[in-house]
Undergrad: 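I'd like to ask you about the structure that follows.
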Number of protein chains: 2
Amino acid sequence: MTDATTATTAAPAAKPLSQREELIPVLAEIFRAHGYEGASLARITEGSGLGKGSLYYLFPGGKDEMANAVLSHIDGWFQREVFIPLRESGEGEDAMAGIDHMFREVKRYFLSGRKVCLIGVFALVNVRDRFADKVKDYFVDWAAALNDALLRSGRDVDDAAGWTEEILAGIQGALVLARAIDDPAVFVRTLDRLQQRLQATGA
Amino acid sequence: MTDATTATTAAPAAKPLSQREELIPVLAEIFRAHGYEGASLARITEGSGLGKGSLYYLFPGGKDEMANAVLSHIDGWFQREVFIPLRESGEGEDAMAGIDHMFREVKRYFLSGRKVCLIGVFALVNVRDRFADKVKDYFVDWAAALNDALLRSGRDVDDAAGWTEEILAGIQGALVLARAIDDPAVFVRTLDRLQQRLQATGA
DNA sequence: GTCTATAAAGCGATAGAC
DNA sequence: GTCTATCGCTTTATAGAC
């Protein structure tokens, strides 16, 4: 045959997964650990095992493009695993099941409090302005999906809006607190308490 | 014994206030805005109006000493304005008054959500390790003072511990969220909701 | 006590060999 | 596609004039 390079055989999930895609979780961890300004190219070359030349080949836009790729990757994950399930959960009990699923996935994503939120890391300092749209959209999308599910679960408008803010703030704050006192268990306890209290006052 | 401890001289508030002390709020703002790694000496010289020579004269230990001085200053403020009043509030209603005072001062300190928490900024990234003790002590001291006041207000041990974590996480998360979506009002709403719910379920 | 000059290292980014 | 070498600039920190 003339073109064997794209002969993907019969395997269904045989995605090539470019080096660029494979690199993104590594980049994410470095940005998370050090922040944008602290994530030097030296740290990135060390963490990725790739030289600067390769990095600029994969990300011609440099650090800015790397961070944007990471943010898009995170957004994709949350859209797929949290926001869409939340939006597509049904009415009443089904909406509550979507919210339970959210708590479960969030605990899993943040490794039960051992991993911090990169969007939160970026949000707190002035690099936020560089990625303002993505930082804002992440929380706005999450808030919209959660608020809608709360409405479908039977809450009134004010109640849903209040819970939405409280849950999102609770998650972010629990991550900060857990890391500050170096006790990830605080994160899990705080989320469990939020979830339990939400159900206790449920419709 | 009369309280002669505070009767040092006739002048009540005539403190010279060294340049070092005067500089600390400026440094705090720069660290808050950019994080430790983003707070370059160029930004500090620009923000302070002092040359590098003067800065190293006032802080021979460089950036590390500046950040430590800022953290100590913040700790002093919270001890004086929040933790001690909290610890010295009495039983029952008086303890609740101490907690109300805490909410009021916290809202004032963070400029109703327009200013972020430097301890939180440091906590999220790996510079935390450099200042781990101060970062941890800030939250541990706060938690201890608040937990104790909650106990004195009539809560049982588990209830007080849960509320302590929930309030501290709520404050930190509200700061993250407010800044991420660029809406300081979220901070005030979240704190008001916490305070109101605390009173609604009070002893 | 504040400054400028400068050292020495690190930074992001680019060029070009292979 | 990955590398090394290097540019130009910024970084922290020091030295020394005033």
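The sequence lines fix the lettering, A, B, ..., with proteins before strands; numbering per chain opens at 1.
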Undergrad: Below the 4.0 Å mark, does C/dG10 have OP1 or OP2 next to a side-chain nitrogen or oxygen of A/Ser40?
TA: no
Undergrad: Return the value, rounded to whole Å, for the distance between atom CD of A/Glu46 and atom C1' of C/dG10.
TA: 14 Å
Undergrad: Atom NZ of A/Lys63 to atom C1' of C/dT14: distance rounded to whole Å?
TA: 17 Å
Undergrad: In whole angstrom, give the distance that lies between atom CD of B/Glu65 and atom C1' of D/dT14.
TA: 15 Å
Undergrad: Measure the distance from CG on B/Leu55 to P on D/dT14 and round it to the nearest whole Å.
TA: 13 Å
Undergrad: Tell me, please, which residues at least two apart from B/Ala42 pass side chain to side chain contact (heavy atoms under 4.5 Å, CB included).
TA: B/Ser40
Undergrad: Check the orientation of B/Phe122 and B/Phe31. Use parallel for under 30°, tilted for 30 to 60°, and perpendicular for over 60°.
TA: perpendicular
Undergrad: To the nearest angstrom, how far is B/Ile30 atom CD1 from D/dT11 atom P?
TA: 13 Å
Undergrad: Taking CG from B/Leu41 and P from C/dA7, how many angstroms apart are they, rounded to a whole number?
TA: 18 Å
Undergrad: Specify the separation, in whole Å, of atom CG of A/Leu23 and atom C1' of D/dG1.
TA: 13 Å
Undergrad: Taking the basic N atoms (NZ, or NE/NH1/NH2) and the acidic carboxylate oxygens, is any pair closer than 4.0 Å for B/Arg197 and A/Glu166?
TA: yes
Undergrad: Salt bridge or not between B/Glu105 and B/Arg108? Use side-chain N to carboxylate O under 4.0 Å.
TA: yes
Undergrad: Go along nucleotides 2-7 of chain D 5' to 3' and tag each nucleotide: B for a protein heavy atom under 4.0 Å from its base, S when only backbone or sugar atoms are that close, - otherwise.
TA: BBB-B-
Undergrad: Report the distance from atom CG of B/Asp64 to atom P of D/dT11, rounded to the nearest whole Å.
TA: 18 Å
Undergrad: Is any side-chain heavy atom of A/Trp142 closer than 4.5 Å to a side-chain heavy atom of A/Met102?
TA: yes
Undergrad: Within 45 degrees of the axis of the six-membered ring of A/Phe187 and under 6.0 Å from its centre: does A/Lys107 put its NZ or CZ there?
TA: no
